[in-house]
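Every heavy atom of this structure was used, including side-chain atoms; hydrogens, water molecules and symmetry mates were not.
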There are 2 protein chains.
Amino acid sequence: MIKVAILGAGNVGSHLIRVFKKTPTIEIVQVYNRSLSKIEMYRSDYKITDDVNTLVDADVYIITISDDEIHSFSASLPLQNKLVVHTSGTKDINELSGEFNKGVFYPLQTITKGKEIDFETIPICIEANNIADEKILFDLANLISSSVHRVNSLQRRKLHLAGVFVNNFTNHLFQIGEDICKSNELPFEILYPLIQETATKILAIHPKEAQTGPAIRKNSKTIAEQEAQLSGTRKELYTLITKSIQESNQ
Amino acid sequence: MIKVAILGAGNVGSHLIRVFKKTPTIEIVQVYNRSLSKIEMYRSDYKITDDVNTLVDADVYIITISDDEIHSFSASLPLQNKLVVHTSGTKDINELSGEFNKGVFYPLQTITKGKEIDFETIPICIEANNIADEKILFDLANLISSSVHRVNSLQRRKLHLAGVFVNNFTNHLFQIGEDICKSNELPFEILYPLIQETATKILAIHPKEAQTGPAIRKNSKTIAEQEAQLSGTRKELYTLITKSIQESNQ
């Protein structure tokens with residue numbers, strides 16, 4: 001049995017509580033939040049608190065508050081010789097401040113409040129300063145996911161950057177696609193199969209091999225025609241991504 | 001029974017031949033290609049030819065050759081009062097030149113030679129100059145796909161542009177993600193679930209609502225940190241997409 005305390009009940013915290021609850025060999029010993037009203041719903045199942053001085057004993061304390069508060073919050077914890085981890089993709093393990101053992105437990109997924117997540121397929125990136133702590137985090141992650149990775153702070157920062165490209169930026173391209181459809185009385189749904197195929201294809205072949213379109217074919221006539229249909233930032237975007245495709249595939 | 005002749009046996013042509021072959025109410029009456037050797041494999045099943053003057057009678061002649069050759073090739077066809085269509089996403093219906101009825105039969109998908117395609121889910125965009133021809137194309141498309149759309153030449157050009165954003169450009173972002181992983185000894189597979197979720201999410205909510213990340217949160221600290229990790233065109237790309245996200249979501 002691994003005993004965990006969840007510190008913060010936002011998106012990540014509430015998703016972790018849900019998946020830990022379903023896992024018999026994980027015991028949530030306490031849920032902390034700075035506002036007690038937001039965790040009242042957990043009162044019947046767990047100890048809840050808004051005072052870090054009343055934290056009970058746990059194998060792992062998981063901080064799920066926002067990135068920029070990790071440093072000051074962790075410094076306020078009266079924990080010694082305990083394992084305390086954060087769940088941030090961007091912050092270094094040493095963002096944690098205190099007389100405790102430090103670690104990271106980072107689920108790599110776009111987490112939306114209210115939308116259920118199948119943790120089984122979500123990669124969990126762990127980091128610790130010693131093998132014993134790493135083992136605890138590995139065991140904990142392994143209980144909820146089949147994809148657990150040792151990732152150091154530098155790698156995690158890079159992974160987060162890659163995530164911005166493949167998730168945030170990609171979603172923005174979808175938005176541009178929808179806007180173009182809307183402006184021309186076309187249902188956005190008409191692009192769904194293309195979008196799904198684009199995402200599925202790279203499971204089988206590398207994106208470099210999967211690249212198609214006017215940019216990689218250096219079809220300057222089509223490129224010019226398409227640029228002429230755009231204006232402002234989106235026109236610049238078309239030009240720059242085209243340039244980037246050509247540079248990356250020389 | 002709808003009788004079709006396929007003119008050109010490249011990617012689109014060979015995929016159409018395969019799906020038409022499986023459809024009992026469609027009869028392929030002839031396959032044309034300028035080089036006969038490339039269509040020898042069809043000889044046992046269909047009439048094949050490399051001479052447009054030997055084309056036999058069909059309800060629809062489907063030109064699947066490359067975009068830039070549609071005009072001159074169609075002008076060489078000795079067909080009168082017949083329905084001749086092209087399969088291009090970018091070309092106007094009037095790119096076709098001749099004394100025949102004109103139309104378009106455009107399957108909206110990224111088609112890779114050799115990779116099997118489930119046409120049932122692929123949107124087919126049709127266009128014709130009269131209702132009788134439109135009905136023939138609608139019936140033909142409907143036999144192989146459950147997603148048939150009347151799309152005029154201007155709309156199709158816009159759809160193709162949208163496709164470049166959601167398919168070609170998106171795939172390039174995946175390539176950047178893979179490059180970042182590779183450079184930091186991370187398996188690209190670690191990003192698969194995030195990529196799949198990004199593509200799946202927009203089936204349920206609009207991209208505008210699905211947008212997350214530092215750009216839309218205007219988290220200038222993270223934005224600056226991530227820009228600093230990049231250089232050259234990719235740094236410019238990060239900056240410009242961030243700007244585009246902020247402009248599009250004011």
Side-chain angles (χ1 to χ4, degrees), chain A residues 90 108-110 121-123 149 151 155 158-159 161-178 180-181 184-186 190-199 202-203 206-208 210-215 222 226 229 233-234 236-237 240-241 243-245 247-248, chain B residues 90 108-110 121-123 149 151 155 158-159 161-178 180-181 184-186 190-199 202-203 206-208 210-215 222 226 229 233-234 236-237 240-241 243-245 247-248:
Chain A
T90 51
L108 176 61
Q109 187 52 281
T110 167
T121 61
I122 294 183
H149 305 264
V151 170
Q155 288 177 310
K158 297 295 183 181
L159 198 53
L161 176 63
V164 167
F165 277 95
V166 305
N167 168 235
N168 305 151
F169 287 179
T170 290
N171 184 76
H172 182 58
L173 299 184
F174 296 163
Q175 184 179 349
I176 293 176
E178 179 170 30
I180 294 172
C181 285
N184 294 282
E185 293 172 17
L186 291 159
I190 204 170
L191 290 176
Y192 283 178
L194 185 59
I195 288 171
Q196 299 312 308
E197 172 68 10
T198 306
I202 54 129
L203 305 179
H206 292 287
K208 197 177 166 73
Q211 190 64 52
T212 57
T222 301
Q226 297 200 319
Q229 295 178 58
T233 303
R234 292 184 178 185
E236 288 177 55
L237 209 51
L240 190 60
I241 301 179
K243 181 184 169 199
S244 185
I245 289 172
E247 282 180 0
S248 301
Chain B
T90 50
L108 176 62
Q109 187 52 280
T110 168
T121 61
I122 293 183
H149 304 264
V151 170
Q155 288 176 312
K158 297 295 182 181
L159 198 54
L161 176 63
V164 167
F165 277 94
V166 305
N167 168 236
N168 304 152
F169 287 179
T170 290
N171 184 75
H172 182 58
L173 298 183
F174 297 163
Q175 184 178 350
I176 293 176
E178 179 170 30
I180 294 172
C181 285
N184 294 282
E185 293 172 16
L186 292 160
I190 204 170
L191 290 176
Y192 284 177
L194 185 59
I195 288 171
Q196 300 312 308
E197 172 69 11
T198 306
I202 53 128
L203 305 180
H206 292 286
K208 197 178 166 73
Q211 190 64 51
T212 56
T222 301
Q226 297 200 320
Q229 294 177 60
T233 303
R234 291 184 177 184
E236 287 177 56
L237 209 51
L240 190 61
I241 301 180
K243 181 183 169 198
S244 185
I245 290 173
E247 283 180 2
S248 301

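Note: A:Q211 leads A:K208, A:Q211, A:K243 in heavy-atom pairs under 4.5 Å with chain B. Looking only at heavy-atom pairs under 4.5 Å with chain B, the residue among A:P123, A:S244, A:A162 that has the most is A:S244. Counting heavy-atom pairs closer than 4.5 Å to chain A, the top residue among B:A215, B:C181, B:P193 is B:P193. Among B:I180, B:V166, B:L159, B:I195, the residue with the largest count of heavy-atom pairs under 4.5 Å with chain A is B:V166. For the set B:T222, B:I122, B:L194, the count of heavy-atom pairs under 4.5 angstrom toward chain A peaks at B:L194. Comparing B:G163, B:G177, B:A199, B:G213 by heavy-atom pairs within less than 4.5 Å of chain A, the highest count is held by B:A199.
Using a 4.5 Å cut-off between heavy atoms, B:E236 contacts chain A through both its backbone and its side chain. Interface residue B:V164: only side-chain heavy atoms are found under 4.5 Å from chain A. Proximity to chain A (any heavy atom under 4.5 Å) is shown, for B:I190, by both the backbone and the side chain. Interface remark: A:E247 contributes side-chain atoms only to the contact with chain B (heavy atom separation under 4.5 Å). Of the atoms belonging to B:H149, it is side-chain heavy atoms, and not backbone ones, that fall under 4.5 Å from chain A. Contacts of B:Q155 with chain A are made by both backbone and side-chain atoms, with heavy-atom separations under 4.5 Å. Within the 4.5 angstrom heavy-atom criterion, only side-chain atoms of A:I176, from C-beta onward, approach chain B.
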Stepwise side chain to side chain contact (heavy atoms under 4.5 Å, CB included) check, B:I245 with A:N171: CA-CA 10 Å; B:I245 290 173; A:N171 184 76; over 6 Å; no
Audit row: A:F169, B:T170, side chain to side chain contact (heavy atoms under 4.5 Å, CB included) steps and yes/no: CA-CA 8 Å; A:F169 287 179; B:T170 290; over 6 Å; no
Pair B:L108-A:L191, side chain to side chain contact (heavy atoms under 4.5 Å, CB included): steps then yes or no: CA-CA 8 Å; B:L108 176 62; A:L191 290 176; 3.9 Å; yes
Check against side chain to side chain contact (heavy atoms under 4.5 Å, CB included), B:L203 and A:Q196: CA-CA 10 Å; B:L203 305 180; A:Q196 299 312 308; 3.5 Å; yes
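To the nearest 0.5 Å, the span separating CD on B:Q226 from NZ on A:K158 amounts to 9.5 Å. Rounded to the nearest 0.5 angstrom, B:E197 CD and A:Q109 CD are separated by 5.0 Å. A distance of 11.5 Å separates OG1 of A:T198 from CG of B:L173, quoted to the nearest 0.5 Å.
Counting heavy atoms from C-beta outward, B:P214 and A:N168 have side chains that approach closer than 4.5 Å.
Side chains of A:H206 and B:E178: a donor-acceptor N/O pair is present below 3.5 angstrom, by distance only.
Listed here is the closest heavy atom pair of A:S248 and B:Q175: O-NE2, 3.5 Å.
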